[in-house]
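Report on the structure given below.
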Amino acid sequence: MTIAVPPDQFALPESALRGLGTRPFGVYVHVPFCATRCGYCDFNTYTAGELGSGASPGSWLEGLRRELALAAEALGTPPAADTVFVGGGTPSLLGAEGLAAVLGAVRDAFGLAPGAEVTTESNPESTAPEFFAGIRAAGYTRVSLGMQSAAPHVLRVLDRVHTPGRPVRAAREARAAGFEHVNLDLIYGTPGERTEDLEASLAAVLDAGVDHVSAYALIVEEGTALARRVRRGELPAPDDDALAASYELVDRRLNEAGLRWYEVSNWASGPAARCRHNLGYWQGGDWWGAGPGAHGHVGGVRWWNVKHPARYAARLADGGLPVAGHEVLTEADRHLERVLLELRLAEGLPLGVLHDDGRRAAAEAAADGLLDPAARAAGRAVLTDRGRLLADAVVRRLAP
Amino acid sequence: MTRLSADTTFTPPEFIRNFCIIAHIDHGKSTLADRMLQLTGVVEERAMRAQYLDRMDIERERGITIKAQNVRLPWRLGEQDHVLHLIDTPGHVDFTYEVSRALAACEGAILLVDAAQGIEAQTLANLYLALDKDLHVIPVLNKIDLPAAEPDKYAAELAHIIGCEPTDVLRVSAKTGEGVRELLDEVVRQVPPPVGEADAPARAMIFDSVYDTYRGVVTYIRVVDGKITPREKIRMMSTGATHELLEVGIISPEPKPTRGLGVGEVGYLITGVKDVRQSKVGDTVTSERKGADEPLPGYREPQPMVFSGLYPVDGSDYPVLRDALEKLQLNDAALTFEPETSVALGFGFRCGFLGLLHLEITRARLEREFDLDLISTAPNVVYEVYLEDGTEHIVTNPSDWPTGGKIAEVHEPVSKVTVIAPSEFIGAIMELCQGKRGQLLGMDYLSEERVELRYRLPLAEIIFDFFDALKSRTRGYASLDYEEAGQQTADLVKVDILLQGEPVDAFSAIVHKDAAYSYGNRMATKLRELIPRQQFEVPIQAAVGSRIIARETIRAIRKDVLAKCYGGDISRKRKLLEKQKEGKKRMKTVGRVEVPQEAFVAALSTESGTDKGDKGGKGKK
């Protein structure tokens with residue numbers, strides 16, 4: 001059930017707030033700015049030219065502070081944040097000081113739990129050793145760098161501007177600045193990417209010595225420049241079979257280097273290297289999503305903010321939460337979400353969660369080689385290597 | 001000199017003229033009939049509705065007459081009043097039997113030919129039928145007002161065909177009315193009056209029967225001997241069934257009750273029966289008391305020639321389809337149906353039709369008048385299969401094909417096919433017919449540029465895609481007629497299509513041995529393209545018995561997972577999965593293979609085509 005929220009009327013029901021603080025609590029901050037728009041990206045982000053008047057990084061930060069303060073109020077007794085994730089957009093465009101101010105706003109509103117994980121995404125092009133030193137000093141514990149590919153012709157198709165080798169150097173700089181946890185993002189399946197290009201990207205990632213890798217099959221999102229080029233026939237659409245082969249190659253190379261999958265598109269060198277903030281999404285945790293277009297979830301209620309930074313700023317200036325809509329999940333919704341989210345994890349899903357027909361389907365899926373038989377015997381639904389590539393199909397079988 | 005009123009029956013036969021119009025579907029028969037109604041004064045100018053005689057919308061739209069009407073017209077020649085009965089004939093190849101009964105009710109026929117196009121195959125076939133019944137034929141060229149008309153050329157062609165002088169061919173424009181008065185005069189002069197015994201027991205032939213919602217079945221008859229009067233009991237001679245006669249009347253052009261009908265007269269009966277099956281075209285009506293002993297010759301039970309499964313695309317429409325078929329059957333004695341179940345298509349009906357057009361008209365009416373969305377399986381003719389153990393099997397559905405014993409012989413229906421086309425297409429037509437197992441029976445030049453080709457062809461080949469192929473190879477110029485011509489033995493096999501080893505009933509087909517591979521291959525290829533990939537590999541096989549003759553493989557799907565699923569993606573992802581789950585519920589399952597109904601529908605509809613009905617008729621403009 002989706003409800004459009006008039007200004008000032010969003011409030012979390014008592015039932016959602018029950019148990020708040022007993023589950024991990026995270027804060028997501030959305031930075032809606034980029035230097036340029038990449039052809040494949042459909043995220044809620046704006047270049048300086050697209051923003052128009054009424055919105056600027058300065059007004060955004062002001063709005064963010066207000067939203068976080070209102071959030072703390074809306075939550076009653078707000079728990080300290082176990083995790084903070086600053087994403088975008090391009091958070092590194094804010095500079096180390098800007099990011100320090102963002103974290104300061106979160107601290108002011110919620111406080112940070114001891115040992116909190118604090119991540120920021122960064123574009124390697126807008127980072128430098130001083131930047132990493134600055135955010136480390138401000139309290140960030142983890143950096144996620146958008147690398148996408150090591151092949152210049154692939155980056156060109158994606159509209160990514162990198163100096164060759166910059167992402168790997170940035171990762172090394174981050175580690176040198178004291179970041180134990182560094183992630184590199186890869187995109188595979190870009191039109192024109194050859195196997196040797198992907199091999200080269202993987203070699204570069206491993207050479208950087210990071211403890212975490214996210215690798216995503218390219219999704220041609222509606223409304224992007226890339227989608228238009230594919231539709232016009234200028235670029236071939238990604239082929240699912242080729243994407244599957246690429247995924248298998250990524251998994252193999254990362255495994256060889258000691259990085260294990262813990263979610264369908266995420267690999268880490270060990271349990272401590274996993275992104276706790278993202279695990280919160282997949283394990284039914286609570287989080288406040290702050291910033292334009294950000295989504296939040298607390299106790300079975302999902303909501304999302306207005307998308308445009310100008311409206312975001314205006315709504316907060318009016319004194320209300322900038323929420324655009326929310327939904328209260330039904331039992332059936334929560335069941336389906338639990339199956340679809342937890343099944344993506346290497347830990348899998350307890351079979352006890354499934355209904356009878358789902359458990360029968362799990363037996364069949366195991367027979368088909370999609371679920372791990374040993375895990376099933378131990379009472380969990382865990383995807384096999386082949387099953388990971390067919391996860392959505394398995395979800396449809398397990399939650400019929 | 002006898003003064004007659006058109007509304008008073010028991011007209012002396014010598015002043016009656018019974019005639020029909022033989023014409024190709026767009027050569028202007030309805031316009032001519034309209035003009036006649038107007039000139040004889042039975043329809044006033046302002047009440048004139050274009051093509052008065054064609055009543056059903058589909059007929060109007062497709063420009064063809066399905067159900068015949070008939071009308072009584074007064075006409076004075078010199079000082080003498082006459083009564084003309086214009087008997088309209090159904091204008092299509094599938095209704096040859098109905099045409100033959102309408103012709104049998106007449107003494108004369110107007111052969112109406114478009115002066116810009118010349119005679120067409122069906123017209124020629126109906127002309128032969130008329131000559132066969134010793135009807136007097138008046139050749140007429142219509143549309144002489146058209147700039148493209150070539151009356152001299154086509155008058156010569158008609159004269160050549162009938163064996164008369166080109167000057168005997170009348171020239172009219174039904175549109176402007178030019179020449180129509182003269183034509184009516186010629187009908188009186190040339191068509192012989194009916195002959196019958198007024199004092200003999202009544203014998204009247206049914207040449208049409210129509211279901212009317214308010215009045216029940218309206219039966220059209222032509223009295224041959226004796227008389228039919230209201231309030232007597234009548235007997236249908238084929239069944240012996242007796243009925244109370246509620247009303248006897250004439251059409252001029254609205255129904256009018258009368259005191260009865262005498263020798264040579266044409267009119268209608270109403271008995272209160274609710275089903276045209278009880279009032280069969282070709283049957284003889286007599287009085288219950290002192291009735292005739294011998295029926296009129298020529299009666300035949302309607303015989304479905306082509307069978308096809310009709311299924312609602314939405315399974316919940318099944319009861320609607322059943323009711324709709326029942327309603328259509330009230331007015332269509334040739335339509336048969338019985339329930340049938342298909343793995344691929346669910347619940348539907350096995351329906352029998354006179355021919356392909358009958359099938360398509362029925363389907364169009366079901367879709368239009370009852371708002372149904374239908375899929376039909378490939379049409380099937382009636383095969384007789386003889387096994388070596390001496391048993392005989394009638395096969396109207398591939399699923400009835402005997403699988404147990406060894407087949408000794410298979411008989412299939414054959415047709416005599418007439419094609420008329422410009423002579424430049426002879427090669428293309430011959431090639432087509434030979435490819436369809438045709439046997440050339442003869443060829444005649446109707447004129448220098450136009451040729452008539454006669455072939456013997458298996459009916460199964462004609463109903464498959466023959467019309468479309470003929471049309472496309474002759475750029476729409478060929479016209480076609482076919483009639484039953486018995487049976488022949490043939491080397492036929494049943495090809496099954498299997499998905500992961502499970503046969504998919506809707507795709508089984510009976511084909512000639514030499515065509516089995518190409519059919520199997522075509523269907524397997526098509527299904528490979530239409531069926532979505534599954535989580536496992538799916539073999540598609542075509543098999544004759546246990547022998548696999550073609551194979552395709554749907555490779556297992558390798559990737560079905562969204563790469564990114566973070567906080568902001570979850571709602572969207574959940575809704576997408578719910579939609580996919582809904583889609584899954586609409587899937588048909590063959591073994592473990594999930595197939596969207598649309599895939600079956602697509603595979604079948606590309607197979608049968610949808611618009612073979614117009615055959616170069618009004619659609620050709």
Side-chain angles (χ1 to χ4, degrees), chain A residues 2 26 28 30 43-44 85 87 187 189 214-219 240-245 247-248 263-265 277-278 280-282 287 289 293-297 302 304 327 329 332-333 336-337 339-341 344 364-365 368-370 383 386 388-397 399-400, chain B residues 315 346 499-502 525 527-540 551-599:
Chain A
T2 303
Y28 173 77
H30 189 72
F43 291 174
N44 187 40
F85 196 105
I187 290 178
S214 302
Y216 306 112
L218 178 70
I219 304 172
D240 276 351
D241 287 0
L243 291 174
Y247 180 88
E248 284 163 358
E263 193 265 356
V264 167
S265 299
H277 183 83
N278 288 342
Y281 296 148
W282 300 318
W287 76 92
H295 287 238
H297 169 257
R302 296 194 184 280
W304 44 95
E327 59 180 351
L329 302 177
D333 291 341
L336 178 57
E337 284 193 355
V339 174
L340 84 87
L341 293 170
R344 292 178 71 92
E364 275 180 34
D368 287 340
L370 301 175
L383 294 169
R386 196 163 78 83
R388 263 187 276 163
L389 278 163
L390 295 171
D392 289 2
V394 178
V395 171
R396 290 193 295 275
R397 289 167 70 166
Chain B
L499 268 190
Q500 238 200 2
E502 298 266 343
T525 310
L527 287 173
R528 190 200 58 204
E529 285 160 10
L530 289 167
I531 295 176
R533 291 164 67 182
Q534 314 273 316
Q535 288 159 42
F536 40 85
E537 184 177 287
V538 179
I540 305 172
R551 184 192 159 109
E552 292 282 346
T553 304
I554 305 172
R555 284 176 305 135
I557 191 168
R558 289 187 59 194
K559 177 180 172 291
D560 182 0
V561 59
L562 193 69
K564 285 193 178 192
C565 191
Y566 293 98
D569 304 317
I570 296 169
S571 294
R572 191 165 67 140
K573 173 78 174 153
R574 188 188 74 238
K575 284 167 189 161
L576 178 70
L577 277 165
E578 273 162 2
K579 229 170 96 182
Q580 289 172 339
K581 278 161 54 184
E582 274 310 302
K584 189 173 156 162
K585 280 181 195 150
R586 289 197 306 273
M587 297 273 189
K588 305 273 181 181
T589 311
V590 178
R592 285 187 62 207
V593 184
E594 288 174 349
V595 186
Q597 166 120 342
E598 304 86 72

For the [atom1] atom of [X] and the [atom2] atom of [Y], what is their distance to the nearest 0.5 Å?
{"X": "A/Asp333", "Y": "B/Glu578", "atom1": "CG", "atom2": "CD", "result": "5.5 Å"}
{"X": "A/Leu336", "Y": "B/Lys573", "atom1": "CG", "atom2": "NZ", "result": "9.5 Å"}
{"X": "A/Leu341", "Y": "B/Asp569", "atom1": "CG", "atom2": "CG", "result": "10.0 Å"}
{"X": "A/Glu327", "Y": "B/Arg574", "atom1": "CD", "atom2": "CZ", "result": "4.0 Å"}

Any side-chain heavy atom of [X] within less than 4.5 Å of one from [Y]?
{"X": "A/Leu340", "Y": "B/Cys565", "result": "yes"}
{"X": "A/Asp241", "Y": "B/Arg533", "result": "yes"}
{"X": "A/Asp240", "Y": "B/Arg558", "result": "no"}
{"X": "B/Arg572", "Y": "A/His295", "result": "no"}
{"X": "A/Asp368", "Y": "B/Arg592", "result": "yes"}
{"X": "B/Val561", "Y": "A/Arg388", "result": "no"}

Segment of B/Leu576 engaging chain A (4.5 angstrom heavy-atom cut-off): neither

Contact origin within B/Lys564 toward chain A - heavy atom pairs under 4.5 Å: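 Both backbone and side chain.
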
Mutual orientation of the aromatic rings belonging to A/Tyr281 and B/Tyr566 [parallel < 30°, tilted 30-60°, perpendicular > 60°]: perpendicular

Non-neighbouring partners of A/His297 that pass side chain to side chain donor-acceptor pair (under 3.5 Å), sequence neighbours left out: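 With neighbours one apart ignored, the set is empty.
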
Residues which pass side chain to side chain donor-acceptor pair (under 3.5 Å) with B/Glu502, listed by chain and number, not counting sequence neighbours: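 Result, side chain to side chain donor-acceptor pair (under 3.5 Å) vs B/Glu502: none returned.
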
Under 3.5 Å donor-acceptor, A/Asp392 side chain and B/Leu562 backbone: yes

B/Lys581 (side chain) donor-acceptor with A/Ala399 (main chain) under 3.5 angstrom: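 Looks like yes, one N/O pair under 3.5 Å.
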
Residue A/Ala332 versus chain B: region with a heavy atom under 4.5 Å: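 Contact with chain B is absent: no heavy atom of A/Ala332 under 4.5 Å.
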
Which atoms of A/Tyr28 approach chain B - backbone, side chain, both or neither, heavy atom under 4.5 Å: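 Neither; nothing under 4.5 Å.
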
Selection from A/Ala245, A/Gly26, A/Gly369, A/Ser214 maximising heavy-atom pairs under 4.5 Å formed with chain B: A/Ala245

Heavy-atom pair count under 4.5 Å with chain B, highest-scoring of A/Val264, A/Asn44, A/Val395, A/Asn278: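 Counting heavy-atom pairs under 4.5 Å, the top option is A/Asn278.
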
Minimum heavy-atom distance between A/Arg396 and B/Lys584, given as atom pair plus value: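 Minimum heavy-atom separation between A/Arg396 and B/Lys584: O-NZ, 4.0 Å.
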
Nearest heavy atoms of B/Ala563 and A/Ser265, plus distance in Å: O-OG, 2.6 Å

A/Phe43 atom CZ, over 12 foreign heavy atoms within 6.0 Å: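 Count not over threshold, so no.
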
